[in-house]
Amino acid sequence: MSYYHFKPPGLQTYIFLKYYYQNSTKSILLQELTMFKDKNEILRITKTNQLKPVDSSNKNEQQIIDNVEKLFNDHFSGKLVDLFTEIQKLKVDLDLKTKYKSEFAFKVLESLVNIKPGETTSYYEIGTQIGSKAYRAIGNACKSNPIPLIVPCHRVLKKNGEIGGFMGKNSDIEWETNLKRELLTLEGAKL
DNA sequence: ACGCGCGTTCTAA
DNA sequence: TTAGAACGCGCGT
């Protein structure tokens with residue numbers, strides 16, 4: 001398993017990608033996208049999981065990774081890229097079926113991919129869309145989203161307009177919600 | 001501020 | 001493995 005990380009312009013956040021390079025198809029199987037506020041966490045993770053950095057001697061792998069980084073950089077510098085659609089044009093396999101752990105989580109996350117940059121939805125709205133009133137469970141399904149930003153769980157707000165949580169895996173809740181707000185502001189969403 | 005509903009995860013048998 | 005308790009990016013009152 002390999003990794004790559006970068007910091008988009010105007011964001012105080014590292015984006016960390018975990019992936020397999022598949023030689024047979026010359027494509028990348030994206031395992032996970034994570035966001036960190038400092039490099040130390042990345043260092044710790046790459047060590048404990050024994051991840052290897054991008055194989056820069058592999059021209060094709062390096063090219064795909066470069067393209068992916070450019071996609072994110074474009075988005076965060078104001079181009080408002082539909083990451084979910086565009087990343088799949090770069091020989092990146094999101095492998096959604098194995099990522100969604102249950103039918104319920106599948107429905108929730110699948111309903112998010114249609115939310116474009118600048119748009120928002122709510123947990124309630126997702127509930128009516130998939131025929132469920134398990135609003136907190138919907139939140140938990142978003143929390144288990146292995147590829148945030150690409151599957152845009154940050155575009156889900158509370159029904160009453162409050163920002164709601166984000167990721168929920170970090171101990172620093174304030175950093176997470178600030179990041180969510182920052183992402184939405186960058187996309188021009190109104191809060 | 002409290003109680004609730006409900007999928008998922010944790011825990012104890 | 002299995003019941004049941006506990007837990008949440010929420011909602012309604």
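Protein chains get the first letters and strands the later ones, always in sequence-line order, with residue 1 at the start of each. If you're wondering where the values come from, they're calculated on a predicted model, not measured in any experiment.
Environment of CG in A/L191: crowded, with over 12 heavy atoms of neighbouring residues, nucleotides or ligands closer than 6.0 Å.
Taking a cutoff of 4.0 Å between a charged side-chain nitrogen and a carboxylate oxygen, A/R155 and A/E187 qualify as a salt bridge. Salt bridge annotation for A/E119-A/K116: absent, with no cationic side-chain nitrogen under 4.0 angstrom from a carboxylate oxygen.
Both cation-pi conditions hold for A/K159 and A/Y124: the charged atom is under 6.0 angstrom from the six-membered ring centre and inside a 45 degree cone around its axis.
Judged purely by distance below 3.5 Å, without hydrogens or angles, the side chains of A/Y19 and A/E32 never pair a donor atom with an acceptor atom. Side-chain contact, A/S111 with A/Q129: no donor N or O sits under 3.5 Å from an acceptor N or O. Checking A/D66 against A/Q62 by side-chain atom types alone, a donor-acceptor pair falls below 3.5 Å. Side-chain contact of A/N60 with A/Y21: a donor-acceptor pair under 3.5 Å is present, judged by distance alone. Side-chain contact, A/N178 with A/E182: no donor N or O sits under 3.5 Å from an acceptor N or O.
In this structure, C/dC9 shows a glycosidic angle within 90 degrees of zero, which is the syn conformation.
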Below 3.5 Å between N/O atoms, which protein atoms pair up with nucleotides 4-8 of chain B? Just atom names and distances, please.
from, atom 1, to, atom 2, distance (Å)
B/dC4, N4, A/R136, NH1, 3.2
B/dG5, N1, A/R136, NH1, 3.2
B/dT8, OP1, A/S102, OG, 2.1

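In this structure, A/Y3 has its ring center closer than 6.0 angstrom to the ring center of A/F16.
Distance CG (A/N160) to P (C/dT13): 13 Å, rounded to an integer number of Å. Spacing between atom OH of A/Y124 and atom P of C/dG8 amounts to 25 Å, rounded to whole angstrom units.
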Given pairs defined as Watson-Crick or G-U wobble with both distances under 3.5 Å, what dot-bracket annotation applies to DNA chain C, with ( ) intrastrand, [ ] crossing, | other strand and . unpaired?
-> ||||||||.||||

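Contacts of residues 108-123 of chain A with DNA chain B (heavy atom under 4.0 Å): none.
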